[in-house]
Q: 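Questions regarding the structure given below will be posed in turn.
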There are 2 protein chains.
Amino acid sequence: MTASNAVAGESRSGPSPGGPRNALIRRLGHFAALSTDEQALLLHHCAQARTYPAQADLVREGESPDGILVVLEGFACRQQYRNNGARQITAYLLPGDLCDWDPALGGRLDDAVSTLSPCRAARIPREALLREALGPHSGLERALRMSHLTDESTLREWVVNIGCRSAVERIAHLFCELHVRLTAVGLAAETGFDFPLTQNDLAVTVGLSDVHVNRSLQALRRERLIALKSRHLTILDWDALVDLAEFNPAYLRFGRFPVS
Amino acid sequence: MTASNAVAGESRSGPSPGGPRNALIRRLGHFAALSTDEQALLLHHCAQARTYPAQADLVREGESPDGILVVLEGFACRQQYRNNGARQITAYLLPGDLCDWDPALGGRLDDAVSTLSPCRAARIPREALLREALGPHSGLERALRMSHLTDESTLREWVVNIGCRSAVERIAHLFCELHVRLTAVGLAAETGFDFPLTQNDLAVTVGLSDVHVNRSLQALRRERLIALKSRHLTILDWDALVDLAEFNPAYLRFGRFPVS
DNA sequence: CGCAATCTTGAGAATGCTCAAAAGTGGTGG
DNA sequence: CCACCACTTTTGAGCATTCTCAAGATTGCG
């Protein structure tokens, strides 16, 4: 495997302290306790994961995917295209994230799911899960539901981010969010994390031009809040970053299990 | 009841052609067929509806609401406040819309639910619904799920709207969306609909300043796409509006029942 | 080494913002 | 019925932020 095909993951951060487990299990484990059987089932389905290069479509716009899509390594996203060629990313799919696909809709996803970096992703057939693991009192069911609700909260937070924050604040907020999310699956150190996106991807995420993102990044570097070089983001001053972005991680709900 | 307390609803449009039914039943009916029992159950719970003035909080930020919130008349919204006092609306709750509240989360809503105009709203206790009506093959269950997924698609569409459209396009897109959503519950005519929001509300929705919203509205009027006067929006050129906004109603999923 | 993609820089222009004041609107009470 | 009040809409002017276009520098890969 050449370097360009390498998939972001445990590579740089090394085996993570929380246990070298599957990112999906690790993430869902934040939302509810999973039984050994449930974990085995997930592992089994993840074994079928495929590798995708960067810029690959996992699900095309309007297509009806055949199961739950799980990203295990790399950064993917959901995005929509406008007629003039502009695009907008509406969500990141990080390792452990899934793109559930409720059959109640009977078809059609309204945005495309694409990789931003090389990825490893699996599809879990929905019926199999329903048959074997989902029941009213299943931890897996609870975890999946929580995961979905969290995705929705995140989306809402993105509306706020794009709708009423300045360029620098938007980027700072995104970095904070990514740090928390990646930490939850053992892919971030306190000091930073691998960040495979281009400035253009970033621009399309926060609703700015890439030139302006570049200048905003320079501002963040000048203030010594971050360093961003060769696909690695170093967080130099977490508190200042949180402060600048008015970041409150509550919406990510990684506060360990539903505390009620 | 004085005019200022009057609640938007069937008032101006008169009894609607689709039947003078409850907005909730009407909306959910687009997503799945509801049995007579299910309809009766919903009607029963809606009978407890309370009236709220404009600018009232239905659920405060961080609060844990005690059931599913249903708006029956008027415009409400979900919104978040920033430290500097700025706010961002993340969703409109129109008649028939609901703010489901999954107990899996065990508490805390991350934004506040407030009325934008005088409203009538009810709360449906979740357990009652579960006990009496929700089952794997219940139409109501399907409808509620669809409704939730539609809300999520709408949110995604808002990210796109705010993230990569110009001021005029954003407003046009919002008007198109509102027209389709209100039509679905019988609150819009082909020519337009009652629109109780201020230009400031609009601004906070699409991420612009109110002054700029005012000027963008003037542009839309100048081009004879709309008229907006005394809380009523008249659509003068629907096709041009749709064209300008690149509006595609598919995400609202009012295409009649899950067509598979 | 050379190519392609990405990042950086500059300069001018457009879009949208802020502040402030004036004009319009509708409801309330005298 | 009128006057007043609060709120909303409209207008103007200057400014800040962000965008576009275009060129040059850097990076990493083949």
Side-chain angles (χ1 to χ4, degrees), chain A residues 1-6 8 11-12 53-55 75 82 84-88 116-118 161-172 194-222 226-233, chain B residues 1-6 8 53-55 75 82 84-88 116-118 161-172 194-222 226-233:
Chain A
M1 186 192 286
T2 72
S4 78
N5 280 336
S11 52
R12 193 155 182 159
Q55 262 60 276
F75 281 37
R82 289 193 56 190
N84 63 12
R87 65 184 171 122
Q88 173 70 42
L116 292 169
S117 73
N161 202 32
I162 299 176
C164 66
R165 274 194 262 262
S166 72
V168 184
E169 290 166 351
R170 289 184 211 182
I171 295 171
D194 287 343
F195 182 72
L197 308 192
T198 67
Q199 293 183 4
N200 182 51
D201 292 329
L202 215 44
V204 169
T205 304
V206 294
L208 296 167
S209 72
D210 42 9
V211 172
H212 199 62
V213 163
N214 181 288
R215 293 189 163 119
S216 303
L217 285 174
Q218 290 178 47
L220 287 172
R221 284 190 269 240
R222 205 177 316 120
I226 61 156
L228 176 54
K229 204 175 180 196
S230 51
R231 316 272 109 138
H232 189 86
L233 180 79
Chain B
M1 185 192 289
T2 71
S4 78
N5 280 336
Q55 262 60 275
F75 280 37
R82 289 193 57 189
N84 63 12
R87 63 183 172 124
Q88 174 70 43
L116 292 169
S117 73
N161 202 34
I162 299 176
C164 68
R165 276 194 260 262
S166 72
V168 184
E169 290 166 351
R170 288 184 211 183
I171 295 170
D194 287 343
F195 182 73
L197 308 194
T198 67
Q199 292 183 6
N200 182 50
D201 292 330
L202 260 180
V204 170
T205 305
V206 295
L208 296 168
S209 72
D210 42 10
V211 173
H212 200 61
V213 163
N214 181 287
R215 295 191 162 117
S216 303
L217 285 173
Q218 291 178 46
L220 286 172
R221 285 192 268 240
R222 204 177 317 121
I226 62 156
L228 176 55
K229 204 176 181 194
S230 52
R231 316 270 111 136
H232 188 85
L233 180 78

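Proteins come first, then strands; the chains are lettered A, B, ... in the order of their sequence lines, and each starts at number 1.
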Q: Nearest to the side chain of Gln218(B), which nucleotide is it out of dG26(C), dT10(D), dG10(C)?
A: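 Nearest to the side chain of Gln218(B) among the choices is dT10(D).
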Q: Is there a side-chain contact between Arg231(A) and the phosphate of dC7(C), meaning an N or O under 4.0 Å from OP1 or OP2?
A: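 The answer is yes; a side-chain N or O of Arg231(A) sits under 4.0 Å from OP1 or OP2.
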Q: Quick check for you: to the nearest 0.5 Å, what is the distance between Arg87(A) atom CZ and Thr205(A) atom OG1?
A: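 With rounding to 0.5 Å, CZ (Arg87(A)) is 7.5 Å from OG1 (Thr205(A)).
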Q: If I take atom CG in residue Leu116(B) and atom C1' in nucleotide dC7(D), what distance separates them, rounded to the nearest angstrom?
A: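 Computing the Leu116(B):CG to dC7(D):C1' distance gives 16 Å.
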Q: Using only side-chain N and O atoms of Asn214(B), determine if any of them is under 4.0 Å from OP1 or OP2 of dT10(D).
A: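 Yes, Asn214(B) has a side-chain N/O under 4.0 Å of OP1/OP2 on dT10(D).
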Q: Let me know the distance between NZ of Lys229(A) and C1' of dT6(C), rounded to the nearest Å.
A: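 My rounded result for the distance is 14 Å.
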Q: Starting from P on dC19(D), measure out to CG on Asn84(A) and report it in whole angstrom.
A: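 For the pair Asn84(A) CG and dC19(D) P, the rounded distance is 14 Å.
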Q: Starting at atom CG of Leu208(B), determine the distance to atom P of dT18(C), rounded to an integer number of angstrom.
A: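 One finds 11 Å between P of dT18(C) and CG of Leu208(B), rounded.
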Q: What nucleotide, of dT11(D), dT6(C), dT18(D), holds the atom closest to the side chain of Val211(B)?
A: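 Nearest to the side chain of Val211(B) among the choices is dT11(D).
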Q: Could you work out which one of dG16(C), dT9(D), dT8(C) sits closest to the side chain of Ser166(B)?
A: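 Given the options dG16(C), dT9(D), dT8(C), the side chain of Ser166(B) is closest to dG16(C).
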Q: Does dA5(C) have OP1 or OP2 under 4.0 Å away from a side-chain N or O of Gln199(A)?
A: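 Looking at the OP1 and OP2 atoms of dA5(C), neither is under 4.0 Å from any side-chain N or O of Gln199(A).
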Q: So what does Ser209(A) touch, heavy atoms closer than 4.0 Å: a base, only the sugar-phosphate, or nothing?
A: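 Contact class for Ser209(A): base.
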Q: Drop me the distance from Ile171(B)'s CD1 to Ile226(B)'s CD1, to the nearest 0.5 angstrom.
A: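 If we round to the nearest 0.5 Å, Ile171(B):CD1 and Ile226(B):CD1 are 8.0 Å apart.
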Q: Start at the 5' end of DNA chain D and walk down; is the nucleotide closest to Ala167(A) or to Leu217(B) reached first?
A: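 Going by which nucleotide is closer to the 5' end, it is Leu217(B).
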Q: Base, sugar-phosphate or nothing for Arg221(A)? Non-hydrogen atoms, less than 4.0 Å.
A: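 Sugar-phosphate: the residue Arg221(A), judged by heavy atoms under 4.0 Å, touches backbone atoms but no base.
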Q: Nearest whole Å is fine: how far is dT11(D) P from His212(B) NE2?
A: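 The distance from NE2 of His212(B) to P of dT11(D) comes to 15 Å, rounded to the nearest Å.
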Q: Quick one, Arg165(B) and Gln88(A) - any side-chain contact, counting heavy atoms below 4.5 Å?
A: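 No, every pair of side-chain atoms sits at 4.5 Å or beyond.
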Q: To the nearest 0.5 Å, how far apart are OG1 in Thr198(A) and CZ in Arg231(A)?
A: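 Thr198(A) OG1 to Arg231(A) CZ: 6.5 Å, rounded to 0.5 Å.
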Q: In whole angstroms, how far is the C1' atom of dT9(D) from the CZ atom of Phe195(B)?
A: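 It works out to 14 Å between those atoms.
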Q: Nearest-Å distance, CG (Leu228(A)) to C1' (dT27(D))?
A: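 Atom CG in Leu228(A) sits about 14 Å away from atom C1' in dT27(D).
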Q: Per the atom types in the model, does the base of dG10(C) pair as donor or acceptor with the side chain of Arg215(A) at under 3.5 Å?
A: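 Side chain to base: pair found, below 3.5 Å.
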Q: Please round to the nearest 0.5 Å and tell me the distance separating atom CG of Asp201(A) and atom OG of Ser117(A).
A: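 So the gap between those two atoms works out to 9.5 Å.
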Q: In whole angstrom, what separates Ile162(A)'s CD1 from dT17(D)'s P?
A: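 Roughly 20 Å, once rounded to whole Å.
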